[in-house]
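In what follows, a single structure is set out as C-alpha cells and then discussed.
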Number of protein chains: 2
Amino acid sequence: MTARSSSETTRVIPEATVARLPVYLRALTALAEGGIRTCSSEDLATAAGVNSAKLRKDLSYLGSYGTRGVGYDVDYLRYQIAREIGVTQDWPVVIVGIGNLGHALANYSGFRSRGFRVVALLDADAERTGEMVAGVAVRHFDDLETIAREHAVAIGVIATPAAAAQDVADRMVAAGVTSILNFAPAVISVPEGVDVRKVDLSIELQILAYHEQRKAHGQARGEVDGVDGVDGVDGVAVDGVEVATVGGDS
Amino acid sequence: MTARSSSETTRVIPEATVARLPVYLRALTALAEGGIRTCSSEDLATAAGVNSAKLRKDLSYLGSYGTRGVGYDVDYLRYQIAREIGVTQDWPVVIVGIGNLGHALANYSGFRSRGFRVVALLDADAERTGEMVAGVAVRHFDDLETIAREHAVAIGVIATPAAAAQDVADRMVAAGVTSILNFAPAVISVPEGVDVRKVDLSIELQILAYHEQRKAHGQARGEVDGVDGVDGVDGVAVDGVEVATVGGDS
DNA sequence: CGCGATTTGTTCTCGCGTTCACAAACTCAT
DNA sequence: ATGAGTTTGTGAACGCGAGAACAAATCGCG
C-alpha cells in the first residue's frame, strides 16, 4: 500500500512540530537581536523553553540546516524556518468584531512584524463603521465578501461574541477564507478544507484553576467532597512544575 | 514500585482531559440555557465539538455521573465538572500590563462569569495609575505584593511587552502567585510548583499560515509531497477539516 | 415480570509524540 | 595529518492519548 511515490523526502511535518516552529523563530529572532550569530541546539532550546533533543528532532524534519560540532547559523536557520512556516510572504488578514479584543488584536504589533497585514476591520454594528482603529477604518461586516475577494484574504480572525461566531465563520468561508482563528467562546463548524484554531481566554484560566485547586487540596486538605485517593502521601507527584505552552499542541 | 497507598481510585485526570473539561462546561451551560435538562454523550459531544467516545472517557475520570440508557443530567453534570475544575469557588486574579490587551482582558465578561474576579489592574507606567478600567482602578505595579497578599491572589495574568514579562513573573511569584497566564511573547521561567500557561496570538496565526501555504502549494503543483498511503481512497486525510482547539491540549 | 432498545463506562489496540542514546560529522590544536 | 572534543541528526524505546468496540446497566412497554 505505501506505494511511496517517486519523491524522496516525505515532507510531512508533525503537527506538534509545526506548533513549535514559531516559538523557535521567535527565540532565534531574540538571539539575532542580541548579536548572536551562531548557536547550539542547547542554546536555542533554552531560549525557546524546550528540550534540546526535541528541538533537534523538530529541526530535522525541515532538513539538515546545522553543522555538527558547531551548531546553527542563527540568520540562516531563521530564514529556513520562516520560509517553512510561510511568513516570508505577506498574509492579508481580516478581523471581524471590533470590541475590546478586536481593538487589541488590531493594535497588536506582533501581527505586522510577523508577516500578517490587517487589511480590514469589520463589525456588524453600523455605529462603528468609519471609526479608525490602528490606522484602519472599520467597515461594515457586509463588506466582507468584497474585501476578501479583492485582497485574496485566506485568513480570518473572529473576535465577536459567541452568538455571532458561526454566522461570521459561514460568511468568511463563503468569501473564500480557508483559515480561521476563533476567539469567540463557541464551537464553530466549517466545511472540509478549512482550518480553524480556537483560542479561549477563560478556558486557560480554568485549567490553571484546576491545578491551583489541587495544590490547595494538598496543603490544606479539608475539602472532603470526592477527594478519595490523595491522602497527602504524594503531594509532589500531582503537580510539580507544569509549564504548558499553549499555541502549541493541537 | 507503584505502592499506591490504601486508597483505591487514583484520582489522576490526564492533562488532555483537564483541558477539555472547560469546553464541556461551556457546552453544558449552552444546553442548559436552551432548556435542555438531559443529554446523551452524543449530544454533548456534538455541542462540544469532540468525539463521543472521548467525551465519555473524559467524564469517566471524574466518576460515574451518567445513567445508562438515559444520559446525563445537564445541571448535575455541570456542577460536577465545575467543582472538579474548581470554578465553584471564586478566584481572585490580578492583571499586569494595561495596554490594549490588558484592557480587553479586564473587560472580558467571560472571566467574571466563570468564577474569576479581577481584584487589581497593575501597570508600571505611573501615567496610567488611577485610570478606571472596567470598574477597577489601575494601580502601580509596585503595589502587586500588597494587593496579592491582601486578597490571597493565586492567579496572575501577564499582558505586558515581552521585555517585562520575566520581571513581572518573578515579582508575582515573590508575591505568592502560583499560577500564571502569560500573554507576553516571551518564555518565562518560574520555580517548581508554579504553573505557567502561555497564549501567543501571533503563533496561532503562524500555524494557520503554515497550513495555508501547504494548501496553496497543493493547488499549484500536483501535491506530490507526502501523501503516502492514502492514494485518493479517502481524500480526507491530508488536510481535511483540521479543527484545532487551543486552550486544549498542552 | 421479561424483553428489546438505548446509552454509559471500560477495555483494548493503534498511532503519535517525547526522550534517550549514539553514531556520524565537523573543528581545532598539536 | 591525526586525535580529542563538540555537536548534530536519527534510530529505538516508551508512554500517553484517541478511537473503536463491547459488556453492563437502565428504561419502557407489553
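Just so it is clear: chains get the letters A, B, ... in the order the sequence lines come, proteins before strands, and each one is counted from 1.
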D/dG17, OP1 or OP2 - any side-chain N/O from B/Asn51 closer than 4.0 Å? no

Side-chain (B/Asn182) to main-chain (B/Ala186) donor-acceptor, under 3.5 angstrom: yes

For B/Asp73, enumerate each residue passing the salt bridge (charged side-chain N to carboxylate O under 4.0 Å, His left out) test, keeping only those at least two apart in sequence or located in another chain. none

Verify, without hydrogens or angle tests, whether B/Glu204 (side chain) and A/Val199 (backbone) share a donor-acceptor contact under 3.5 angstrom. no

Between B/Lys57 and B/Ser52 (side chain of the first, backbone of the second, donor and acceptor by atom type, cut-off under 3.5 Å), is there such a pair? no

So do the side chains of A/Val93 and A/Phe111 get within less than 4.5 Å of each other, counting heavy atoms only? no

Tell me whether A/Asp43 contacts the main-chain N or O of A/Ser40 through its side chain, where contact means a donor paired with an acceptor under 3.5 Å. yes

Looking at B/Glu212, is its backbone amide N or carbonyl O close enough to the side chain of A/Trp91 to form a donor-acceptor pair, meaning the two atoms are under 3.5 Å apart? no

What is the distance, rounded to the nearest whole Å, between atom CG of A/Leu77 and atom C1' of D/dT7? 14 Å

A/Ser40 side-chain N/O to D/dT7 phosphate OP1/OP2 under 4.0 Å: no

B/Glu42 CD - D/dA21 P separation (whole Å): 14 Å

Taking only heavy atoms on the protein side, list every residue of residues 26-38 of chain B lying under 4.0 Å from any atom of DNA chain C, sorted numerically. none

To the nearest angstrom, the CG-P distance between B/Asp43 and C/dT7 comes to 8 Å

Got a sec? Which of residues 53-73 of chain B come in under 4.0 Å of DNA chain C, heavy atoms? B/Arg56, B/Lys57, B/Ser60, B/Ser64, B/Tyr65, B/Gly66, B/Thr67, B/Arg68, B/Gly69, B/Val70, B/Gly71, B/Tyr72

Is B/Ser60 close to B/Tyr65 at the side-chain level, that is, under 4.5 Å between some pair of heavy atoms? no

